[in-house]
There are 2 protein chains.
Amino acid sequence: MLNNSQYTEKLRSIGLRPTKQRIKICEVLFNSNKTFHFTINELAKRITKSTNENISLATVYNTVHAFKKKGYLKEIPINSDQSYFDTNTSHHHHFYDETQKDLIDIDDADVEPVKINTRIPGKKIKSVEVLVKVEDEKP
Amino acid sequence: MLNNSQYTEKLRSIGLRPTKQRIKICEVLFNSNKTFHFTINELAKRITKSTNENISLATVYNTVHAFKKKGYLKEIPINSDQSYFDTNTSHHHHFYDETQKDLIDIDDADVEPVKINTRIPGKKIKSVEVLVKVEDEKP
DNA sequence: TTCTACATTATAATAGTTCTAAACTGTTGA
DNA sequence: TCAACAGTTTAGAACTATTATAATGTAGAA
Ligand SMILES: [Mn+2]
Ligand SMILES: [Mn+2]
Ligand SMILES: [Zn+2]
Ligand SMILES: [Zn+2]
């Protein structure tokens with residue numbers, strides 16, 4: 001629930017110029033108190049719906065990638081059909097409902113700490129994420 | 001380390017005709033005592049290298065998908081650029097080395113059982129997989 | 001051997017994503 | 001204040017992994 005001048009500051013703080021396109025995208029992504037998952041196309045549709053002006057698809061891609069790089073968004077690997085992004089940047093996990101093709105958060109507190117008893121020398125861990133695939137129970 | 005007639009049986013047992021293309025693909029995928037990860041393009045290159053005859057890319061796609069559906073291969077979601085497949089169909093996890101863009105198995109025994117303390121009503125769990133992203137340690 | 005359903009193939013089509021290069025804009029500092 | 005410039009947006013082209021098409025070929029059954 002931020003206003004435009006707060007997005008302006010947010011953008012400035014990470015070295016991005018606060019253009020009207022970026023502020024619009026911030027509104028769609030971060031104005032809700034709920035986080036959500038989206039594909040680029042879904043995001044583009046939301047933007048078009050909540051605005052009269054159109055934002056070019058290239059700008060949507062550019063901005064999403066800039067936000068991801070700055071840590072405002074995460075990308076969730078689900079399958080190779082298209083990229084899924086997440087406005088929830090806290091450490092958490094996912095159910096993927098293969099019947100509904102739907103991605104659902106699992107709070108980090110609902111997963112016992114994952115213990116990996118092996119390492120790769122010279123490499124440090126960036127993230128540990130659990131993906132739980134689910135489907136409808138047999139009737 | 002199977003011979004062609006064993007692949008023939010393997011294919012027959014899952015209702016696929018043992019064509020020479022499919023047997024060739026079986027050889028490349030399953031003749032080694034090591035399992036490995038691959039993309040379709042890498043697989044197509046391996047096939048071309050180990051054969052004089054060429055197998056159409058469409059056949060490689062068709063066969064890989066048929067094998068996946070029959071449980072001979074797993075697909076590993078890493079990113080949305082392209083599909084990664086795994087000849088290791090046992091339950092296991094992965095390191096993804098973001099520096100080298102390399103996928104490395106983690107034996108199931110090296111991961112403490114992952115406990116998820118939440119469920120989705122009406123859905124049953126198909127798989128629980130851990131992806132550990134790593135990168136080079138800072139020097 | 002003949003028949004048929006299944007399989008292969010080259011190629012076209014599709015779709016998500018990235019690139020291009022021209023037009024536009026936010027910011028800086030003279 | 002405003003010219004200058006780097007950063008940004010844009011439409012559309014290009015790119016690339018994947019899937020569809022439809023003609024040709026083949027394995028297995030009878
Ligand atoms: Mn897929
Ligand atoms: Mn990506
Ligand atoms: Zn999430
Ligand atoms: Zn593996």
Side-chain angles (χ1 to χ4, degrees), chain A residues 4-5 7-28 37-48 51-70 72-73 75-85 101, chain B residues 4-5 7-28 37-48 51-70 72-73 75-85 101:
Chain A
N4 290 8
S5 76
Y7 290 134
T8 297
E9 280 321 300
K10 184 168 172 155
L11 288 165
R12 280 222 178 84
S13 72
I14 55 171
L16 294 176
R17 286 187 183 169
T19 63
K20 71 180 199 302
Q21 290 87 349
R22 283 173 178 159
I23 287 169
K24 186 74 224 167
I25 293 172
C26 279
E27 283 171 18
V28 174
H37 306 111
F38 64 93
T39 65
I40 296 284
N41 266 318
E42 289 165 2
L43 177 58
K45 272 183 209 153
R46 283 191 198 221
I47 292 166
T48 305
T51 306
N52 288 326
E53 308 145 56
N54 226 57
I55 299 182
S56 142
L57 194 56
T59 298
V60 179
Y61 273 98
N62 290 343
T63 303
V64 165
H65 285 139
F67 286 180
K68 182 193 166 189
K69 185 188 286 186
K70 298 298 184 176
Y72 286 6
L73 292 173
E75 191 171 359
I76 310 295
I78 293 299
N79 62 46
S80 52
D81 298 342
Q82 75 211 107
S83 283
Y84 284 75
F85 293 91
K101 309 282 183 222
Chain B
N4 289 8
S5 76
Y7 290 133
T8 297
E9 280 320 301
K10 185 169 171 155
L11 288 165
R12 279 223 179 83
S13 74
I14 56 173
L16 295 177
R17 287 185 183 170
T19 63
K20 69 181 201 302
Q21 291 86 349
R22 284 173 178 161
I23 287 169
K24 185 74 222 168
I25 293 172
C26 279
E27 284 171 17
V28 174
H37 307 111
F38 64 92
T39 64
I40 296 284
N41 266 319
E42 289 164 3
L43 177 59
K45 274 183 206 154
R46 283 189 198 223
I47 291 166
T48 306
T51 308
N52 289 325
E53 309 145 55
N54 226 57
I55 298 182
S56 142
L57 194 57
T59 298
V60 179
Y61 272 98
N62 289 342
T63 303
V64 164
H65 285 140
F67 286 0
K68 181 193 166 189
K69 185 187 288 188
K70 297 298 185 177
Y72 286 6
L73 292 173
E75 190 169 2
I76 311 295
I78 293 299
N79 63 47
S80 53
D81 298 343
Q82 78 213 104
S83 282
Y84 283 75
F85 293 91
K101 310 280 182 225

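Proteins come first, then strands; the chains are lettered A, B, ... in the order of their sequence lines, and each starts at number 1.
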Run the salt bridge (Lys or Arg N to Asp or Glu O under 4.0 Å) test against B:Glu42 and tell me which residues pass, sequence neighbours left out. none

Whole angstrom is fine here: how far is it from [atom1] in [X] over to [atom2] in [N]?
| X | N | atom1 | atom2 | result |
| --- | --- | --- | --- | --- |
| B:Leu11 | D:dG28 | CG | C1' | 15 Å |
| B:Glu75 | D:dT18 | CD | C1' | 11 Å |
| A:Leu43 | C:dG16 | CG | P | 14 Å |
| A:Ile25 | D:dT10 | CD1 | P | 9 Å |
| A:Lys68 | C:dT18 | NZ | P | 9 Å |
| A:Ile23 | C:dT25 | CD1 | P | 14 Å |
| A:Tyr61 | C:dT20 | OH | P | 17 Å |
| A:Asn79 | D:dA17 | CG | C1' | 13 Å |

Short side-chain N/O contact from [X] to OP1 or OP2 of [N], under 4.0 Å:
| X | N | value |
| --- | --- | --- |
| B:Ser83 | D:dT18 | yes |
| B:Arg12 | D:dG28 | yes |
| A:His65 | C:dT17 | no |

In chain order, what residues pass the ring-ring contact (aromatic ring centres under 6.0 Å, His included) check against B:Tyr72, with sequence neighbours excluded? B:Phe67

Quick one: does B:Arg12's side chain have a donor or acceptor within less than 3.5 Å of a partner on B:Pro18's backbone? no

Residue list, side chain to side chain donor-acceptor pair (under 3.5 Å) with B:Thr51, at least two apart or on another chain: B:Lys24

If the test is side chain to side chain contact (heavy atoms under 4.5 Å, CB included), which one of A:Ile55, A:Val60, A:Ile47 qualifies with A:Val28? A:Ile47

Nearest heavy atoms of A:Glu53 and A:Lys20, plus distance in Å: OE1-CE, 3.3 Å

Heavy-atom side-chain proximity of [X] to [Y] below 4.5 angstrom:
| X | Y | answer |
| --- | --- | --- |
| B:Gln21 | B:Thr63 | no |
| B:Phe85 | B:Leu43 | no |
| A:Pro77 | B:Ile78 | no |

Toward the 5' end of DNA chain D, which comes first, B:Pro18 or B:Tyr84, by nearest nucleotide? B:Tyr84

Please list each protein N or O that sits under 3.5 Å from an N or O in nucleotides 21-24 of chain C, with the distance.
none

Protein within reach of the bases, or only the backbone? For nucleotides 2-11 of chain C, mark each nucleotide 5' to 3' as B, S or -, using heavy atoms under 4.0 Å. ---BBSSBB-

Interatomic distance, OG1@B:Thr39 vs CD@B:Gln82, rounded to 0.5 Å, equals 4.5 Å

Considering only nitrogen or oxygen atoms on both sides, find all protein atoms under 3.5 Å from nucleotides 13-16 of chain D and state each distance.
none

Please assess B:Glu27 against B:Ile23 for the test side chain to side chain contact (heavy atoms under 4.5 Å, CB included), listing each intermediate value before the final yes or no. CA-CA 6 Å; B:Glu27 284 171 17; B:Ile23 287 169; 3.8 Å; yes

